[in-house]
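To start, the structure itself, in structure tokens.
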Amino acid sequence: MEIPHSGYRAATLLAAAAAALALTAPAALAAPLRPTAPASRAAGQQASEQRASEHAVPFTEAAVTDHGDGSYTVSWHAPGVRSVTVYAGGRQVARGGARETVTVRGLPAADRQWFRLAPDRGEPLTLADRSLHLASAPNFRDAGGYRTADGRWVRMGVLYRTSELSKLTDADVAKLRRLGIRTDYDLRSPGERAKAPDRIPEGTRYVVADVNGGDVTEVPTTPEQAVELMTAGGRAYVSLESARTAYGALFRDAADPGAQALMYHCNAGKDRTGWASAALLTALGVDRETVMRDYLATNEYRAKEVAAILAPLSPHDAAVLRPVLEARPEFLNASFTEVEDRYGTFGDYLRKGLGLDDRVLTGLRNALLTD
């Protein structure tokens with residue numbers, strides 16, 4: 001590999017990033033991914049709105065965006081309702097029709113601003129911006145706030161996905177304490193944990209759930225090899241015994257209200273954490289397109305961090321490292337394909353692969369979904 005002028009630093013970055021993101025060398029290349037034929041978008045939207053009209057929570061779309069300047073955008077679509085009233089801090093802050101986007105300003109400072117969307121018919125929905133806006137952990141975000149295929153919503157403020165937590169400031173740790181973080185699942189290897197131990201609020205239960213089952217040091221030397229290694233890693237998160245043990249334990253605690261709020265993380269919050277979120281959301285009934293959108297959002301949250309890592313590298317080394325640092329559809333698709341190849345259905349992966357029984361799966365839905 002070509003090493004630029006600051007070669008030692010570049011080589012160290014490359015090796016550390018490759019190892020920390022849990023690359024595994026494939027014994028053989030995977031079979032070609034089998035694309036799923038997309039359903040008609042118009043038909044899907046019509047079915048979604050029909051389910052919404054029959055469900056207690058009538059919203060088919062809703063989101064909150066914190067702009068960082070004291071203003072918030074709140075948007076929603078609630079087919080079949082005449083009006084939606086928006087509350088924050090117990091007072092009305094906006095009102096609109098069935099489909100609306102409003103801007104809210106002048107709210108008092110808060111660790112996290114919550115908005116309650118109350119329709120004139122049906123049950124309300126409570127949301128916040130997905131990101132916690134931690135400068136020391138930009139990929140720290142809520143795992144909830146998504147709608148399921150049957151019209152329910154994944155609760156927010158219960159599960160959080162993040163990158164490693166060694167750089168948290170005292171202020172960030174205090175904020176997590178105020179937000180009620182009770183459990184921290186560390187999906188990293190022993191070397192990663194020793195090099196960058198978590199900083200967490202006092203009293204938070206710390207759980208080691210090593211997905212890889214040990215340190216991995218495979219480093220790619222070409223962009224093509226990097227893609228192959230990342231794809232193999234996606235398959236390994238489904239097939240490795242250590243991964244199945246780790247994710248099974250995470251799912252069981254996620255189903256336990258006594259463990260919430262719960263956060264889980266690896267190094268970048270992208271691959272091992274990405275599959276944890278994808279599997280959890282799929283188990284709760286969130287559609288694949290939304291699951292993929294959540295997975296790829298890591299690229300937005302880590303854009304500045306990735307740019308800083310790549311900036312000092314030569315064009316060749318940057319091209320090799322880029323696939324390791326990015327979330328790409330083929331990496332997540334590799335995990336779903338491995339589920340199909342090994343278990344046939346996602347339900348069998350949950351039961352046979354992760355060892356979850358009906359009690360745990362029901363507990364997940366009860367703990368993480370709106371009624």
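Bear in mind that the values here come from a model prediction, so they are computed numbers and not experimental data.
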No-hydrogen, no-angle side-chain donor-acceptor test under 3.5 Å, D210 and S189 = no
Nearest 0.5 Å please: distance from the CG atom of L159 over to the CD atom of Q260.
-> 6.0 Å
Value rounded to 0.5 Å, distance of CG in D271 from CG in L325 | 9.5 Å
Within the side chain of E326, is there an N or O that forms a donor-acceptor pair under 3.5 Å with the backbone of R328?
-> no
Verify whether one side chain among Q225 and T221 offers a donor that lies under 3.5 Å from an acceptor in the other.
-> yes
Short N-O contact, E305 and R302, less than 4.0 angstrom | yes
State whether D142 and R130 are salt-bridged, where the test is any N-O pair (Lys NZ or Arg NE/NH1/NH2 against Asp/Glu carboxylate O) under 4.0 Å.
-> no
Shortest non-hydrogen contact from A98 toward V81 = CB-O, 3.4 Å
Do the side-chain N and O atoms of T183 and D253 include a donor-acceptor pair separated by under 3.5 angstrom?
-> no
Please list, chain by chain and in numerical order, all residues satisfying salt bridge (charged side-chain N to carboxylate O under 4.0 Å, His left out) with R351, sequence neighbours excluded.
-> D358
Classify the angle between the aromatic ring planes of Y237 and Y247 as parallel (below 30°), tilted (30 to 60°) or perpendicular (above 60°).
-> perpendicular
Rounded distance (nearest 0.5 Å) linking atom CZ of R161 with atom SG of C266 | 8.0 Å
Quick one: list whatever passes side chain to side chain donor-acceptor pair (under 3.5 Å) with D186, sequence neighbours left out.
-> R188, Y206
Is E192 salt-bridged to R272, cutoff N-O under 4.0 Å?
-> yes
Judged by atom type as modelled, is there a donor-acceptor pair below 3.5 Å linking the side chain of K167 to the main-chain atoms of A137?
-> no
R112 vs D66, salt bridge (charged side-chain N to carboxylate O under 4.0 Å, His left out): CA-CA, chis, key distance, verdict | CA-CA 9 Å; R112 198 172 185 204; D66 179 352; over 6 Å; no
Side chain to side chain contact (heavy atoms under 4.5 Å, CB included) with R95: which residues, sequence neighbours excluded?
-> S83, T85, Q92
Shortest non-hydrogen contact between F251 and A283, atoms and distance | CE2-CB, 4.1 Å
Kindly indicate, with the supporting measurements, whether the criterion side chain to side chain contact (heavy atoms under 4.5 Å, CB included) is fulfilled by L165 and M263.
-> CA-CA 11 Å; L165 302 172; M263 59 186 178; 3.6 Å; yes
Going by atom types alone, do D129 and Y72 pair a side-chain donor with an acceptor below 3.5 Å?
-> no
List the steps and the verdict of side-chain hydrogen bond (donor to acceptor under 3.5 Å, both in side chains) for T298 and R141.
-> CA-CA 10 Å; T298 284; R141 51 193 163 111; 2.7 Å; yes
Quick one: list whatever passes salt bridge (charged side-chain N to carboxylate O under 4.0 Å, His left out) with R182, sequence neighbours left out.
-> none
Checking T290 side chain against V286 main chain: does a donor-acceptor pair fall under 3.5 Å?
-> no
Side chain R199, main chain L168, donor-acceptor under 3.5 Å = yes
Ring-ring centroid check F336 W275, cutoff 6.0 Å | yes
Which pair of non-hydrogen atoms, one from P190 and one from D215, has the smallest distance, and what is that distance?
-> N-OD1, 3.6 Å
Which residues share a side chain to side chain contact (heavy atoms under 4.5 Å, CB included) with H67, sequence neighbours left out = T65, D69, S71, T73
Quick one: do D120 and R82 make a salt bridge, cutoff under 4.0 Å?
-> yes
Using modelled atom types only, decide if a donor and an acceptor are shared between the side chain of W76 and the backbone of G96 within a distance under 3.5 Å.
-> no
Report yes or no: do H265 and D198 form a side-chain donor-acceptor pair below 3.5 Å?
-> yes
Do the numbers put R342 on top of the ring of Y349, so that NZ or CZ is under 6.0 Å from the six-membered ring centre and no more than 45° off the axis?
-> no
Transitive ILVMFWY cluster of Y301, excluding itself - 4.5 Å side-chain cut-off | none
